[in-house]
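Note that these values count all heavy atoms, side chains included, but never hydrogens, waters or copies made by symmetry. Numbers restart at 1 for each chain; the letters A, B, ... are given by sequence-line order, proteins then strands. Because the structure is a prediction, the values reported are computed rather than measured.
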Amino acid sequence: MTHLYALCDCNNFYASCERVFDPSLNNKPVVVLSNNDGCVIARSNEAKVLGIAMGEPFFKLRHLVESKQVYAFSSNYTLYGDMSNRVMQTLSRFTPHAEVYSIDECFLDLGSFCHIDLHTYAWEIKRTVLQWTGIPVSLGIAPTKTLAKVANRLAKKSKKANGVLVLTHPQHIQKALEATPLQDVWGIGRRYARFLQQRHVHTAYDFSKLSESWVKQHMTVVGLRLLKELRGEACLELEEVASPKKGICTSRSFGKRVNTFDDLQEATATYAARCARKLRRQNSCARLLTVFVTTNKFSENDRQYYNSKTIAMPVATNSDIELIHYANLALKAIYRDGYWYKKSGVIVSEIEPEYQLQLSLLDTIDREKHGKLMRVLDGLSDRFGQGIIRTATQGLSNAWQLKSDFKSPCYTTQLADLQTAYIR
DNA sequence: TCTGGGGTCCTAGGACCC
DNA sequence: TCTGGGGTCCTAGGACCC
(Lines give C-alpha, C1' and ligand atoms only; values in the text may rest on other atoms or scores of the structure.)
Protein backbone atom coordinates (compact mmCIF):
# COMPACT_ATOMS: atom_id res chain seq x y z
CA MET A 1 0.00 0.00 0.00
CA THR A 2 1.38 3.32 -0.99
CA HIS A 3 1.47 6.09 1.51
CA LEU A 4 0.21 9.47 0.46
CA TYR A 5 -0.08 12.49 2.68
CA ALA A 6 -1.35 15.98 2.08
CA LEU A 7 -0.28 18.85 4.26
CA CYS A 8 -2.82 21.63 4.26
CA ASP A 9 -1.44 24.85 5.69
CA CYS A 10 -3.34 28.10 6.13
CA ASN A 11 -1.61 31.02 4.45
CA ASN A 12 -0.46 33.68 6.94
CA PHE A 13 -3.14 32.31 9.23
CA TYR A 14 -3.58 34.98 11.91
CA ALA A 15 -3.41 37.80 9.37
CA SER A 16 -5.92 35.95 7.18
CA CYS A 17 -8.32 35.58 10.14
CA GLU A 18 -8.28 39.33 10.70
CA ARG A 19 -9.03 39.86 7.03
CA VAL A 20 -12.04 37.57 6.94
CA PHE A 21 -13.99 40.01 9.07
CA ASP A 22 -12.58 43.19 7.57
CA PRO A 23 -12.22 42.81 3.81
CA SER A 24 -10.93 46.36 3.51
CA LEU A 25 -7.65 44.84 4.69
CA ASN A 26 -7.33 42.77 1.51
CA ASN A 27 -4.18 43.59 -0.45
CA LYS A 28 -2.91 45.69 2.45
CA PRO A 29 0.06 44.87 4.70
CA VAL A 30 -1.31 43.27 7.88
CA VAL A 31 0.69 42.10 10.90
CA VAL A 32 -0.40 40.34 14.07
CA LEU A 33 1.50 40.98 17.30
CA SER A 34 2.54 38.68 20.14
CA ASN A 35 1.11 39.00 23.64
CA ASN A 36 1.66 42.47 25.09
CA ASP A 37 1.99 43.75 21.52
CA GLY A 38 5.67 42.91 21.79
CA CYS A 39 6.71 41.68 18.39
CA VAL A 40 5.40 40.50 15.03
CA ILE A 41 4.25 36.88 14.90
CA ALA A 42 2.29 36.82 11.63
CA ARG A 43 2.49 38.83 8.42
CA SER A 44 0.44 39.07 5.26
CA ASN A 45 2.37 38.73 1.99
CA GLU A 46 2.28 42.51 1.55
CA ALA A 47 3.89 42.96 4.96
CA LYS A 48 6.58 40.43 4.03
CA VAL A 49 7.29 42.41 0.85
CA LEU A 50 7.83 45.52 2.97
CA GLY A 51 10.66 43.64 4.67
CA ILE A 52 8.95 43.22 8.05
CA ALA A 53 10.65 40.25 9.69
CA MET A 54 9.14 37.56 11.86
CA GLY A 55 9.78 38.48 15.48
CA GLU A 56 10.49 42.12 14.70
CA PRO A 57 9.83 44.30 17.77
CA PHE A 58 6.69 46.34 17.30
CA PHE A 59 8.28 49.68 18.17
CA LYS A 60 10.37 49.43 15.02
CA LEU A 61 7.31 49.56 12.83
CA ARG A 62 5.10 51.74 14.95
CA HIS A 63 5.65 54.64 12.55
CA LEU A 64 4.37 52.51 9.65
CA VAL A 65 1.24 51.71 11.64
CA GLU A 66 0.64 55.32 12.60
CA SER A 67 0.94 56.44 8.98
CA LYS A 68 -1.45 53.62 7.96
CA GLN A 69 1.09 51.91 5.75
CA VAL A 70 0.74 48.79 7.89
CA TYR A 71 -2.31 47.49 9.81
CA ALA A 72 -1.42 45.90 13.15
CA PHE A 73 -3.54 43.67 15.41
CA SER A 74 -3.00 42.35 18.92
CA SER A 75 -3.32 38.57 18.88
CA ASN A 76 -6.84 37.28 19.39
CA TYR A 77 -6.50 33.56 20.06
CA THR A 78 -10.20 33.11 20.71
CA LEU A 79 -10.90 34.21 17.15
CA TYR A 80 -8.03 32.21 15.63
CA GLY A 81 -8.97 29.07 17.56
CA ASP A 82 -12.52 29.22 16.35
CA MET A 83 -11.50 29.88 12.73
CA SER A 84 -9.07 26.97 12.99
CA ASN A 85 -11.93 24.66 14.04
CA ARG A 86 -13.93 25.74 11.02
CA VAL A 87 -11.04 25.01 8.66
CA MET A 88 -10.41 21.59 10.25
CA GLN A 89 -14.11 20.71 10.08
CA THR A 90 -14.15 21.56 6.41
CA LEU A 91 -11.04 19.50 5.72
CA SER A 92 -12.52 16.48 7.47
CA ARG A 93 -15.09 16.27 4.68
CA PHE A 94 -12.35 15.27 2.26
CA THR A 95 -10.83 12.29 4.06
CA PRO A 96 -11.79 10.09 6.99
CA HIS A 97 -8.22 10.27 8.32
CA ALA A 98 -6.81 13.61 9.34
CA GLU A 99 -4.36 14.88 11.94
CA VAL A 100 -4.68 18.41 13.24
CA TYR A 101 -1.02 19.20 13.55
CA SER A 102 -1.20 22.80 14.76
CA ILE A 103 -3.62 25.69 14.84
CA ASP A 104 -3.05 26.29 11.13
CA GLU A 105 -1.86 22.94 9.73
CA CYS A 106 -3.50 19.61 9.07
CA PHE A 107 -2.16 16.38 7.59
CA LEU A 108 -4.63 14.41 5.48
CA ASP A 109 -4.13 10.74 4.71
CA LEU A 110 -4.84 10.33 1.01
CA GLY A 111 -3.51 6.77 0.85
CA SER A 112 -6.74 5.42 -0.55
CA PHE A 113 -7.06 8.22 -3.11
CA CYS A 114 -4.25 7.08 -5.43
CA HIS A 115 -6.61 6.35 -8.25
CA ILE A 116 -8.02 9.85 -8.53
CA ASP A 117 -6.47 12.97 -9.99
CA LEU A 118 -4.74 14.35 -6.89
CA HIS A 119 -4.13 17.75 -8.39
CA THR A 120 -7.81 18.27 -9.12
CA TYR A 121 -8.78 16.98 -5.69
CA ALA A 122 -6.33 19.31 -3.95
CA TRP A 123 -7.77 22.25 -5.83
CA GLU A 124 -11.24 21.20 -4.80
CA ILE A 125 -10.10 21.21 -1.15
CA LYS A 126 -8.45 24.59 -1.48
CA ARG A 127 -11.48 26.13 -3.16
CA THR A 128 -13.92 24.71 -0.62
CA VAL A 129 -11.96 25.88 2.43
CA LEU A 130 -11.73 29.39 1.01
CA GLN A 131 -15.40 29.48 0.15
CA TRP A 132 -16.65 28.08 3.47
CA THR A 133 -14.27 29.80 5.88
CA GLY A 134 -12.65 32.68 4.01
CA ILE A 135 -9.19 31.31 4.80
CA PRO A 136 -6.73 30.74 1.91
CA VAL A 137 -4.73 27.50 2.22
CA SER A 138 -1.91 25.72 0.41
CA LEU A 139 -1.56 22.00 -0.16
CA GLY A 140 1.47 19.81 -0.64
CA ILE A 141 1.01 16.13 -1.44
CA ALA A 142 3.74 13.47 -1.23
CA PRO A 143 4.50 9.92 -0.04
CA THR A 144 5.76 10.99 3.40
CA LYS A 145 4.84 13.72 5.84
CA THR A 146 8.25 15.35 5.57
CA LEU A 147 8.02 15.40 1.76
CA ALA A 148 4.49 16.79 2.04
CA LYS A 149 6.02 19.63 4.08
CA VAL A 150 8.59 20.17 1.32
CA ALA A 151 5.81 20.18 -1.28
CA ASN A 152 3.72 22.59 0.74
CA ARG A 153 6.55 25.07 1.06
CA LEU A 154 7.14 25.05 -2.69
CA ALA A 155 3.40 25.23 -3.37
CA LYS A 156 3.39 28.54 -1.52
CA LYS A 157 6.59 29.85 -3.09
CA SER A 158 6.12 28.93 -6.70
CA LYS A 159 3.95 31.18 -8.87
CA LYS A 160 3.30 28.27 -11.19
CA ALA A 161 2.12 25.96 -8.40
CA ASN A 162 -0.10 28.72 -7.03
CA GLY A 163 -0.78 26.93 -3.77
CA VAL A 164 -0.98 23.28 -4.81
CA LEU A 165 1.92 20.90 -5.47
CA VAL A 166 1.79 17.14 -5.91
CA LEU A 167 5.12 15.30 -5.54
CA THR A 168 4.76 11.69 -6.56
CA HIS A 169 7.26 11.14 -9.38
CA PRO A 170 10.86 10.52 -8.29
CA GLN A 171 12.21 13.16 -10.67
CA HIS A 172 9.84 15.77 -9.28
CA ILE A 173 10.80 14.82 -5.74
CA GLN A 174 14.49 15.19 -6.54
CA LYS A 175 13.93 18.61 -8.10
CA ALA A 176 11.94 19.71 -5.08
CA LEU A 177 14.70 18.56 -2.71
CA GLU A 178 17.30 20.43 -4.75
CA ALA A 179 15.18 23.56 -4.50
CA THR A 180 14.83 23.30 -0.71
CA PRO A 181 17.53 24.92 1.41
CA LEU A 182 18.60 22.71 4.29
CA GLN A 183 17.40 25.08 7.00
CA ASP A 184 13.88 24.97 5.55
CA VAL A 185 13.55 21.22 6.07
CA TRP A 186 11.08 20.20 8.80
CA GLY A 187 13.22 18.91 11.67
CA ILE A 188 16.38 20.84 10.81
CA GLY A 189 16.76 23.71 13.24
CA ARG A 190 19.45 26.33 13.48
CA ARG A 191 21.99 24.13 15.22
CA TYR A 192 21.83 21.24 12.78
CA ALA A 193 21.73 23.61 9.81
CA ARG A 194 24.99 25.22 10.89
CA PHE A 195 26.57 21.86 11.69
CA LEU A 196 25.65 20.41 8.30
CA GLN A 197 26.55 23.49 6.28
CA GLN A 198 30.05 23.31 7.67
CA ARG A 199 30.16 19.89 6.05
CA HIS A 200 28.96 21.26 2.70
CA VAL A 201 25.41 20.03 3.00
CA HIS A 202 23.32 22.90 1.69
CA THR A 203 20.07 21.50 0.34
CA ALA A 204 17.55 18.85 1.29
CA TYR A 205 18.92 16.88 -1.67
CA ASP A 206 22.50 17.01 -0.32
CA PHE A 207 21.18 15.75 3.00
CA SER A 208 19.26 12.90 1.40
CA LYS A 209 22.56 11.62 -0.04
CA LEU A 210 24.32 11.25 3.33
CA SER A 211 24.88 7.79 4.76
CA GLU A 212 22.46 6.42 7.31
CA SER A 213 25.17 5.54 9.81
CA TRP A 214 26.73 9.00 9.69
CA VAL A 215 23.39 10.71 10.15
CA LYS A 216 22.44 8.45 13.04
CA GLN A 217 25.78 9.00 14.71
CA HIS A 218 25.58 12.80 14.54
CA MET A 219 21.84 13.45 14.65
CA THR A 220 20.40 10.54 16.64
CA VAL A 221 17.50 8.41 15.49
CA VAL A 222 15.51 11.58 14.86
CA GLY A 223 17.91 12.57 12.08
CA LEU A 224 17.85 9.07 10.67
CA ARG A 225 14.07 9.14 10.48
CA LEU A 226 14.23 12.47 8.70
CA LEU A 227 16.70 11.03 6.17
CA LYS A 228 14.41 8.12 5.39
CA GLU A 229 11.38 10.35 5.11
CA LEU A 230 13.15 12.54 2.56
CA ARG A 231 14.04 9.41 0.59
CA GLY A 232 10.37 8.53 0.44
CA GLU A 233 10.22 5.93 3.19
CA ALA A 234 7.34 6.84 5.49
CA CYS A 235 8.43 6.69 9.16
CA LEU A 236 5.98 9.18 10.65
CA GLU A 237 2.43 7.99 10.93
CA LEU A 238 -0.72 10.01 10.97
CA GLU A 239 -1.71 10.74 14.57
CA GLU A 240 -5.44 11.12 14.36
CA VAL A 241 -6.16 11.19 18.07
CA ALA A 242 -4.23 13.82 19.95
CA SER A 243 -2.55 12.18 22.94
CA PRO A 244 -3.14 13.87 26.30
CA LYS A 245 -0.45 16.35 27.19
CA LYS A 246 2.18 15.32 29.73
CA GLY A 247 2.73 18.81 31.02
CA ILE A 248 0.60 21.91 30.79
CA CYS A 249 1.99 25.38 31.23
CA THR A 250 0.28 28.75 31.44
CA SER A 251 2.55 31.74 31.73
CA ARG A 252 2.53 35.32 30.55
CA SER A 253 4.65 38.39 30.71
CA PHE A 254 2.69 41.12 32.42
CA GLY A 255 1.49 44.20 30.59
CA LYS A 256 3.65 46.18 32.99
CA ARG A 257 6.01 45.08 35.71
CA VAL A 258 4.51 44.58 39.17
CA ASN A 259 6.07 44.54 42.63
CA THR A 260 3.29 43.67 45.07
CA PHE A 261 2.47 40.20 46.28
CA ASP A 262 -1.23 40.81 45.62
CA ASP A 263 -0.77 41.54 41.94
CA LEU A 264 1.51 38.56 41.51
CA GLN A 265 -0.98 36.40 43.34
CA GLU A 266 -3.89 37.46 41.12
CA ALA A 267 -1.94 36.72 37.97
CA THR A 268 -0.66 33.39 39.26
CA ALA A 269 -4.12 32.32 40.45
CA THR A 270 -5.52 33.17 37.02
CA TYR A 271 -2.85 31.03 35.33
CA ALA A 272 -3.56 28.17 37.74
CA ALA A 273 -7.25 28.36 36.81
CA ARG A 274 -6.33 28.23 33.09
CA CYS A 275 -4.21 25.13 33.71
CA ALA A 276 -7.18 23.58 35.51
CA ARG A 277 -9.42 24.32 32.54
CA LYS A 278 -6.91 22.79 30.13
CA LEU A 279 -6.72 19.69 32.32
CA ARG A 280 -10.51 19.33 32.37
CA ARG A 281 -10.64 19.69 28.58
CA GLN A 282 -8.51 16.59 28.19
CA ASN A 283 -10.20 14.79 31.10
CA SER A 284 -7.12 14.56 33.24
CA CYS A 285 -5.77 15.61 36.61
CA ALA A 286 -2.28 16.64 37.71
CA ARG A 287 -0.23 15.59 40.74
CA LEU A 288 2.51 18.20 40.57
CA LEU A 289 2.20 21.94 40.40
CA THR A 290 5.08 24.33 39.77
CA VAL A 291 4.99 28.10 40.07
CA PHE A 292 7.78 30.29 38.76
CA VAL A 293 8.35 34.02 38.89
CA THR A 294 10.93 36.11 37.11
CA THR A 295 12.01 39.72 36.77
CA ASN A 296 12.65 41.27 33.36
CA LYS A 297 15.88 39.72 32.17
CA PHE A 298 16.17 42.33 29.40
CA SER A 299 16.26 45.16 31.87
CA GLU A 300 19.78 46.08 32.92
CA ASN A 301 18.64 48.47 35.65
CA ASP A 302 16.35 46.11 37.55
CA ARG A 303 17.75 43.72 40.16
CA GLN A 304 17.24 40.21 38.83
CA TYR A 305 15.41 37.33 40.50
CA TYR A 306 14.16 33.98 39.29
CA ASN A 307 12.73 31.22 41.40
CA SER A 308 10.38 28.30 41.17
CA LYS A 309 8.66 25.96 43.58
CA THR A 310 7.09 22.59 42.91
CA ILE A 311 4.43 21.11 45.15
CA ALA A 312 3.28 17.49 45.15
CA MET A 313 -0.44 17.55 45.78
CA PRO A 314 -1.96 14.79 47.91
CA VAL A 315 -4.44 13.78 45.21
CA ALA A 316 -4.24 14.61 41.52
CA THR A 317 -6.75 17.32 40.70
CA ASN A 318 -8.16 19.55 38.00
CA SER A 319 -10.17 21.84 40.25
CA ASP A 320 -9.64 25.60 39.99
CA ILE A 321 -10.04 25.89 43.74
CA GLU A 322 -7.40 23.33 44.64
CA LEU A 323 -4.87 24.36 42.03
CA ILE A 324 -5.20 28.00 43.05
CA HIS A 325 -4.72 27.01 46.68
CA TYR A 326 -1.45 25.20 45.97
CA ALA A 327 -0.31 27.88 43.55
CA ASN A 328 -0.72 30.37 46.39
CA LEU A 329 1.37 28.24 48.74
CA ALA A 330 4.10 27.89 46.13
CA LEU A 331 4.07 31.59 45.36
CA LYS A 332 4.35 32.49 49.05
CA ALA A 333 7.43 30.30 49.27
CA ILE A 334 9.27 32.10 46.49
CA TYR A 335 7.98 35.67 46.63
CA ARG A 336 10.57 38.21 47.73
CA ASP A 337 9.93 41.84 48.43
CA GLY A 338 11.76 44.51 46.52
CA TYR A 339 11.79 43.19 42.97
CA TRP A 340 9.97 44.27 39.83
CA TYR A 341 8.37 41.11 38.49
CA LYS A 342 7.71 40.75 34.78
CA LYS A 343 6.37 37.27 34.41
CA SER A 344 4.98 34.35 36.32
CA GLY A 345 3.72 30.96 35.30
CA VAL A 346 2.08 27.76 36.45
CA ILE A 347 3.08 24.32 35.20
CA VAL A 348 1.13 21.18 36.05
CA SER A 349 2.65 17.74 35.46
CA GLU A 350 2.42 14.07 36.42
CA ILE A 351 -0.86 14.03 34.60
CA GLU A 352 -3.28 11.13 35.03
CA PRO A 353 -6.62 10.29 33.46
CA GLU A 354 -9.51 11.68 35.49
CA TYR A 355 -11.22 8.31 35.83
CA GLN A 356 -8.35 6.35 37.37
CA LEU A 357 -7.18 8.57 40.19
CA GLN A 358 -5.14 7.33 43.10
CA LEU A 359 -7.29 8.49 45.96
CA SER A 360 -5.98 9.20 49.42
CA LEU A 361 -7.47 7.88 52.63
CA LEU A 362 -6.88 11.21 54.28
CA ASP A 363 -8.61 13.12 51.52
CA THR A 364 -10.90 15.74 53.00
CA ILE A 365 -12.16 17.21 49.77
CA ASP A 366 -15.57 16.46 48.32
CA ARG A 367 -14.38 15.78 44.78
CA GLU A 368 -17.81 15.16 43.38
CA LYS A 369 -18.95 18.57 44.53
CA HIS A 370 -15.88 20.24 43.09
CA GLY A 371 -16.46 18.46 39.80
CA LYS A 372 -20.03 19.68 39.57
CA LEU A 373 -19.00 23.22 40.35
CA MET A 374 -16.31 23.14 37.71
CA ARG A 375 -18.73 21.86 35.08
CA VAL A 376 -21.01 24.81 35.78
CA LEU A 377 -18.06 27.16 35.64
CA ASP A 378 -16.93 25.77 32.28
CA GLY A 379 -20.42 26.11 30.89
CA LEU A 380 -20.54 29.78 31.87
CA SER A 381 -17.06 30.40 30.46
CA ASP A 382 -18.11 28.85 27.16
CA ARG A 383 -21.15 31.09 26.96
CA PHE A 384 -19.87 34.36 28.31
CA GLY A 385 -16.12 34.21 27.91
CA GLN A 386 -13.19 32.91 29.91
CA GLY A 387 -12.88 34.31 33.43
CA ILE A 388 -16.47 35.58 33.66
CA ILE A 389 -16.77 33.72 36.96
CA ARG A 390 -13.65 33.43 39.09
CA THR A 391 -12.41 32.92 42.59
CA ALA A 392 -11.69 35.96 44.71
CA THR A 393 -7.96 35.32 44.52
CA GLN A 394 -7.99 35.89 40.78
CA GLY A 395 -9.06 39.41 41.58
CA LEU A 396 -10.14 42.39 39.57
CA SER A 397 -6.95 44.35 39.40
CA ASN A 398 -5.57 44.89 35.97
CA ALA A 399 -2.09 45.94 36.94
CA TRP A 400 -0.63 42.79 35.43
CA GLN A 401 -3.03 42.27 32.52
CA LEU A 402 -1.70 41.87 29.02
CA LYS A 403 -1.21 44.91 26.92
CA SER A 404 -3.47 44.48 23.93
CA ASP A 405 -4.13 47.81 22.30
CA PHE A 406 -5.11 46.65 18.82
CA LYS A 407 -7.38 43.71 19.43
CA SER A 408 -10.15 42.90 16.99
CA PRO A 409 -13.55 41.73 18.32
CA CYS A 410 -14.15 38.00 18.90
CA TYR A 411 -16.52 38.05 15.96
CA THR A 412 -17.30 34.35 15.97
CA THR A 413 -17.64 33.52 19.66
CA GLN A 414 -19.10 36.44 21.62
CA LEU A 415 -22.52 37.85 21.18
CA ALA A 416 -21.55 41.44 21.88
CA ASP A 417 -18.72 41.24 19.38
CA LEU A 418 -20.97 39.69 16.79
CA GLN A 419 -23.22 42.71 17.07
CA THR A 420 -20.22 44.95 16.54
CA ALA A 421 -19.51 43.00 13.39
CA TYR A 422 -23.00 43.60 12.05
CA ILE A 423 -22.81 47.31 12.73
CA ARG A 424 -19.55 47.53 10.84
C1' DT B 1 10.16 52.17 26.59
C1' DC B 2 9.15 48.01 23.68
C1' DT B 3 11.96 42.13 22.54
C1' DG B 4 5.75 35.53 22.90
C1' DG B 5 4.02 31.25 24.72
C1' DG B 6 3.42 26.36 24.76
C1' DG B 7 4.82 22.00 23.60
C1' DT B 8 7.58 17.16 22.16
C1' DC B 9 11.24 13.80 21.84
C1' DC B 10 15.90 12.00 22.58
C1' DT B 11 20.30 11.14 24.97
C1' DA B 12 23.73 10.88 28.51
C1' DG B 13 24.87 10.01 32.95
C1' DG B 14 24.08 8.89 37.74
C1' DA B 15 21.77 6.06 41.23
C1' DC B 16 20.31 1.85 42.34
C1' DC B 17 19.17 -3.14 41.97
C1' DC B 18 20.16 -8.17 41.33
C1' DT C 1 44.30 -9.17 44.06
C1' DC C 2 41.38 -9.61 40.53
C1' DT C 3 37.20 -6.81 39.45
C1' DG C 4 30.59 -8.52 35.73
C1' DG C 5 26.93 -7.54 33.32
C1' DG C 6 22.56 -6.48 32.83
C1' DG C 7 18.53 -3.83 33.84
C1' DT C 8 15.43 0.32 35.35
C1' DC C 9 14.39 4.87 36.68
C1' DC C 10 15.18 9.63 36.99
C1' DT C 11 16.93 14.13 35.64
C1' DA C 12 19.10 17.69 33.06
C1' DG C 13 19.98 19.46 28.91
C1' DG C 14 19.77 19.78 23.95
C1' DA C 15 17.29 19.97 19.79
C1' DC C 16 13.26 20.73 17.44
C1' DC C 17 8.24 22.32 16.31
C1' DC C 18 4.29 25.99 15.62
Which parts of residues 241-257 of chain A get close to DNA chain B, meaning a heavy atom less than 4.0 angstrom away?
->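 Those residues are A:Lys245, A:Lys246, A:Gly247, A:Ile248, A:Cys249, A:Thr250, A:Ser251, A:Arg252, A:Ser253.
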
Heavy atom of residues 191-216 of chain A under 4.0 Å from DNA chain B: which residues?
->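 Hits under 4.0 Å, by residue number: none.
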
First and last nucleotide of DNA chain C touching chain A, 5' to 3', heavy-atom cut-off 4.0 Å?
->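 Footprint of chain A along DNA chain C, 5' to 3': C:dA15 to C:dC18.
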
Sequence neighbours left out, what pairs pass ring-ring contact (aromatic ring centres under 6.0 Å, His included) with at least one residue falling in [range]?
range: residues 228-264 of chain A; result: A:Phe261-A:Tyr335
range: residues 221-250 of chain A; result: none
range: residues 272-308 of chain A; result: A:Tyr305-A:Tyr339

Listed in order of residue number, which residues of residues 38-64 of chain A have a non-hydrogen atom at under 4.0 Å from DNA chain C?
->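 Residues of residues 38-64 of chain A under 4.0 Å from DNA chain C: none.
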
Centroid-to-centroid, A:Tyr14 to A:Phe73, below 6.0 Å?
->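 A:Tyr14 vs A:Phe73: aromatic centres not under 6.0 Å.
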
Look at all strands and tell whether [X] reaches a base, only sugar-phosphate, or nothing, counting heavy atoms closer than 4.0 Å.
X: A:Ile103; result: nothing
X: A:Asp37; result: nothing
X: A:Lys149; result: sugar-phosphate

Can a donor-acceptor pair be found between the side chains of A:Lys332 and A:Asn328 at a distance below 3.5 Å?
->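 No - no donor-acceptor pair under 3.5 Å links their side chains.
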
For DNA chain B, list all stems, counting runs of three or more consecutive pairs where every pair is Watson-Crick or G-U wobble with both distances under 3.5 Å.
->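 Output for stems: B:5-18 with C:5-18.
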
Classify the angle between the aromatic ring planes of A:Tyr411 and A:Phe21 as parallel (below 30°), tilted (30 to 60°) or perpendicular (above 60°).
->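 Taking A:Phe21 first and then A:Tyr411, their aromatic rings lie parallel (interplane angle under 30°).
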
Can you sort out the partners of A:Lys216 under side-chain contact (heavy atoms from CB on, under 4.5 Å), two or more places apart, ordered by chain and number?
->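 Result, side-chain contact (heavy atoms from CB on, under 4.5 Å) vs A:Lys216: A:Val221, A:Leu224.
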
Run through A:Lys342, A:Arg257, A:Lys297 and flag the one making a side-chain hydrogen bond (donor to acceptor under 3.5 Å, both in side chains) with A:Asp302.
->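 Of the listed options, the one satisfying the test is A:Arg257.
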
Would you say A:Glu352's side chain and A:Arg287's backbone share a donor-acceptor pair under 3.5 angstrom?
->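 Not at all, since once roles are kept as given, no pair shorter than 3.5 Å links the two residues.
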
Check whether any side-chain N or O of A:Gln282 sits under 3.5 Å from a backbone N or O of A:Lys245 as a donor-acceptor pair, and report yes or no.
->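 Yes, A:Gln282 side chain to A:Lys245 backbone: donor-acceptor pair under 3.5 Å.
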
Residues two or more places apart in sequence or in another chain: which of them pass ring-ring contact (aromatic ring centres under 6.0 Å, His included) with A:His218?
->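 Checked A:His218 against ring-ring contact (aromatic ring centres under 6.0 Å, His included); matches are A:Phe195, A:Trp214.
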
Could you tell me which residues satisfy ring-ring contact (aromatic ring centres under 6.0 Å, His included) with A:Phe406, sequence neighbours excluded, listed by chain and number?
->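 Here the qualifying residues are A:Phe58.
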
Name the residue closer to the 5' end of DNA chain B, choosing between A:Lys342 and A:Arg225 according to the nucleotide with the nearest heavy atom.
->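 Looking at the nearest nucleotide for each, A:Lys342 comes out on the 5' side.
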
Rounded distance (nearest 0.5 Å) linking atom CG of A:Leu236 with atom NZ of A:Lys145 =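 Going from the CG atom of A:Leu236 to the NZ atom of A:Lys145 covers 5.5 Å.
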
Name each donor-acceptor pair under 3.5 Å that joins a side chain in residues 130-143 of chain A to protein atoms two or more places apart or in another chain, with its distance.
unit_1	atom_1	unit_2	atom_2	d
A:Thr133	OG1	A:Val129	O	2.7
A:Thr133	OG1	A:Ile135	N	3.1
A:Ser138	OG	A:Asn11	OD1	2.8

In whole Å, what separates the C1' atom of C:dC17 from that of B:dG4?
->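 Result for the C1' pair: 15 Å, nearest Å.
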
Quick one: closest heavy-atom pair of A:Ala276 and A:Asp320, and the distance?
->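 The answer is CB-OD1, 3.2 Å.
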
